[in-house]
There are 4 protein chains.
Amino acid sequence: MSGKLRKSGTASAGRGGGKDRAAQSAARREAILKAALAEFSAGGFAATRLDDVARRAGVAKGTIYLHFADKEALFQEIVRSMLTPLVGHLENLRNIDVPFRAIAEQIVNLFVSEVLETDRKNIIRLIVAEGPRFPKIAEFHYREVVSRVMAAMQVILQRAVERGEIRHKALAQFPQLLFAPALMTVIWNSLFEQFSPLDARAVLRAHIDILLSERTKP
Amino acid sequence: MSGKLRKSGTASAGRGGGKDRAAQSAARREAILKAALAEFSAGGFAATRLDDVARRAGVAKGTIYLHFADKEALFQEIVRSMLTPLVGHLENLRNIDVPFRAIAEQIVNLFVSEVLETDRKNIIRLIVAEGPRFPKIAEFHYREVVSRVMAAMQVILQRAVERGEIRHKALAQFPQLLFAPALMTVIWNSLFEQFSPLDARAVLRAHIDILLSERTKP
Amino acid sequence: MSGKLRKSGTASAGRGGGKDRAAQSAARREAILKAALAEFSAGGFAATRLDDVARRAGVAKGTIYLHFADKEALFQEIVRSMLTPLVGHLENLRNIDVPFRAIAEQIVNLFVSEVLETDRKNIIRLIVAEGPRFPKIAEFHYREVVSRVMAAMQVILQRAVERGEIRHKALAQFPQLLFAPALMTVIWNSLFEQFSPLDARAVLRAHIDILLSERTKP
Amino acid sequence: MSGKLRKSGTASAGRGGGKDRAAQSAARREAILKAALAEFSAGGFAATRLDDVARRAGVAKGTIYLHFADKEALFQEIVRSMLTPLVGHLENLRNIDVPFRAIAEQIVNLFVSEVLETDRKNIIRLIVAEGPRFPKIAEFHYREVVSRVMAAMQVILQRAVERGEIRHKALAQFPQLLFAPALMTVIWNSLFEQFSPLDARAVLRAHIDILLSERTKP
DNA sequence: GATGAATGAGGGTTCATTCAT
DNA sequence: TATGAATGAACCCTCATTCAT
């Protein structure tokens, strides 16, 4: 979304108005990525036509090949770049010292605002849908996203168990259980929203309540 | 590999063994469905070539069209026929009067043996992957599978809440939470099994334990 | 389905009612020809499917191949057999000694009742349409139909000229001019009948009047 | 024969010689139309393969689809564009004040030089052959060609009758009779030229003589 | 003979990729 | 660098023909 190198500096030229060549090129690259994300989300890898991507991006078909080696490279670029920015956020939660409920609520907020309410929800569906056909994508996400998030969660959950905030030790063993409802909401709404929309925030809050059910009122 | 040279053998039987024409035709239909399921599972709808389906089924390409109108009809037939048989089983659980834990264990067993350990796990991934592109499929599964199962679960969960087996009333409101971990295991293993296989039975048992966490050992 | 050899000869059997095997076979052959004519007329050679011919004839597709070597043979059989019966009639007109107008009227009547009002009009269109692709058909019709009719007409026209019934010697040189309006009516109505039907009998009568315009009322 | 090895030559020019892209594209379109006309003429609509059209035009198969939506659109474009340019000429004859014989001779000349001696003769056969299968084509030609020409001829013939140049009022009623021999020559030569070529100019002149047979030398 | 399920070559159409401008 | 016309391999589907029953 912003120029990457900006070597020149002075003159403005080209049709873009005030941008120099490098900035224009970067802007084109971003436009292609954005358009491709929309098209891949709507149709999956195979059903997406680069013609449509180009039209949506406002560039010529050949221009795509100036920025990406081929259709698959474009696809992988998108799929890889969308989720990784969130990983750091989630990993950082490991380092703050607040009650688990607070962390859980932050995770929910992050998930709703950065995934469910953005194109990232489609990325998740794309990974599920195309992963088996693109082993590299599955491998990348396991290595760069899933395993790192799971590791961080394990630390957090372990600490919560030790503090007595969570009674279920199994949760620390299977941090996947923490995210299962989040995955569910993404998939449910992608398929069934028109029939019966699912209020993600409510579902995820209910999920936290279940996990945190204290031995309170004895 | 096909036709032309077969000189048959025992004179009394065609290549089908002891089958008559109708049975052979039905067997071919099944072979096609089986092959198509395998190919669609591996590559999704668009990337699957009917040539490969035919080869895998051991029939000629044209034979597919004797049984199915076109590629999409074949796809829908597969996707529609695989899950519906399970719906009745799940609905029947509503009518038996046993503790919720017993029902939950039956659901886990059913899910593991009839979904995770069969091709049905691929069907679920196919629905997630192709549903947005085939609205009929999403609509069909909402109507014939999901909404019916959700309704049955709601009854069961409601009863469990009333009996005090479950404290979390939210569960009855969001029966999706009951199945979220099951969906998670399907997707996890389809993507990451080679990196870190998930023991579905253990995960689901842990999930039940969490839901049923009694105020017991205080 | 039925006994295999049936040497006898007397009894009637089979599904046909009172027909013996040979008669049934012949009836099937006729049914196929009739159905094929209808289908070829509607769609031309290439667009006609033997499936449709078989269905219309009430036989199985394979049965067609018991009577005809292949699709082209069936086509040629139809195209060849339809017009030849008329050739004799036209040739015989050479031998009767009546005024030309009487002969011309007979030709008109024959053409209207045996061509325009029957499937033969479609055969003519088929020959025009497919002739260039089936040189044998063009050759056959030139040899067996057109050249013979033209020869007979030439004799008749020559005699009419000598008798002073027709002043235009060119007619005897180009007997095609005699038939041009007949061909026109066939083609016109096959293409434009729904927009502006042409009264064939009226057109052909007018044509005769023109040819026979005497120097009468001076 | 195509692409791949061409290394261009004079550096300044592509393979098209001195043409710019638009001109080259138009030239390709024309080449496709020309090739398609030849192929359709030889085999009719159904029997023509776009592969052959492309090869004859010297383009790739896909190039056809840059210019025409599909096979039928290509066919209709050809069939529609070939005859309409002649309509205006024929209609204009209505406005010139010369003896009918002169007009008739112009029509003959036009027909021979612009139809019989060009590809248009094949178009006429194509319309006859495929018209019933493509109602739009029949409708188009009735509306844009035939009805307009017939109307113009009616005016001309009517005037000739009033002037006493033609005695046969029926001609004005059935202007089709004027063109019947022309149609005949097209069809005759398309089918039988190799057996017995018909001298179109001679036939058509004879036809005019017949129509104009004056009450002269009594 | 009669059947019709099965075959598989063939053709229309699409679309990722290239390359002359 | 950007363009988009051109390419041609690939794939769905049809249908003439075959052959086991």
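To find a chain, count down the sequence lines: A is the first, B the second, and so on, and within it residues start at 1.
As a whole-Å value, the separation of A:R55 CZ from E:dC15 C1' is 12 Å. Taking atom CG of A:D70 as the reference point, atom P of E:dC19 lies 15 Å away to the nearest angstrom. Atom CZ in A:F68 sits about 16 Å away from atom P in E:dT18, given to the nearest Å. Atom NZ in D:K71 sits about 15 Å away from atom P in F:dT14, given to the nearest Å. Note: CG (D:D52) to C1' (E:dG11) measures 10 Å, nearest angstrom. In this structure, CZ of D:R28 is placed 12 Å from P of E:dA20, rounded to the nearest angstrom. We find that OH of B:Y65 is positioned 13 Å from P of F:dC15, with the value rounded to whole Å. Taking atom CD on D:E30 and atom P on F:dA5, their separation rounds to 17 Å, with Å as the unit.
Atom CG in B:L50 sits 5.0 Å away from atom CD1 in B:I64 (nearest 0.5 Å). Note that OG1 of C:T48 is 8.0 Å distant from CG of C:L126, once rounded to the nearest 0.5 Å. Here A:I137 contributes atom CD1 and A:E130 contributes atom CD; the two are 7.5 Å apart, rounded to the nearest 0.5 Å.
Ion pairing between C:E139 and C:K136 fails under the 4.0 Å rule for side-chain N and carboxylate O.
Projected onto DNA chain E by closest heavy-atom contact, C:S25 and D:D51 fall at different nucleotides, the more 5' of which corresponds to C:S25. Projected onto DNA chain E by closest heavy-atom contact, A:G62 and B:I64 fall at different nucleotides, the more 5' of which corresponds to B:I64. Of the residues near DNA chain F, C:E72 and D:L66, the one whose nearest nucleotide (by heavy atom distance) lies more toward the 5' end is D:L66. For C:A46 and D:H67, each mapped to the nucleotide of DNA chain F holding its nearest heavy atom, the one lying further toward the 5' end belongs to D:H67.
Not a single donor-acceptor pair under 3.5 Å links the side chain of D:T63 to the backbone N or O of D:V59.
Screening residues 36-54 of chain C for salt bridge (Lys or Arg N to Asp or Glu O under 4.0 Å), with sequence neighbours left out, gives C:E39-C:R56, C:R49-C:D52, C:D51-C:K61, C:D52-C:R55.
In this structure, B:L50 reaches the sugar-phosphate backbone alone: every heavy-atom distance under 4.0 Å involves primed, P, OP1 or OP2 atoms, never a base.
For a distance-only test at 3.5 Å, the side chain of D:K61 fails to qualify as a donor-acceptor partner of the base of F:dT7.
For A:T63, taking side-chain heavy atoms from C-beta onward, the closest of the listed nucleotides F:dA2, E:dA6, F:dG8 is F:dA2. Minimum atom distance to the side chain of B:V59 is reached by E:dT7, of the listed E:dC15, E:dT7, F:dA16. With E:dA5, E:dG1, E:dT14 as the candidates, the nucleotide lying closest to the side chain of C:R21 is E:dG1. When distances are taken from the side chain of C:A60 to each of E:dT3, F:dT17, F:dC13, the shortest belongs to E:dT3.
Remark: of the listed residues C:Q24, C:E77, C:H67, C:E77 is the sole one forming a side-chain hydrogen bond (donor to acceptor under 3.5 Å, both in side chains) with C:R29.
In DNA chain E, runs of at least 3 stacked Watson-Crick or G-U pairs (N1-N3 plus N6-O4 or O6-N4, or N1-O2 plus O6-N3, all under 3.5 Å) give these stems: E:2-21 with F:2-21.
Taking the six-membered ring for Trp and the full ring otherwise, the centers of B:F75 and B:F68 sit at least 6.0 Å from each other.
A close approach under 4.0 Å does not occur between any side-chain nitrogen or oxygen of B:R49 and OP1 or OP2 of F:dC12.
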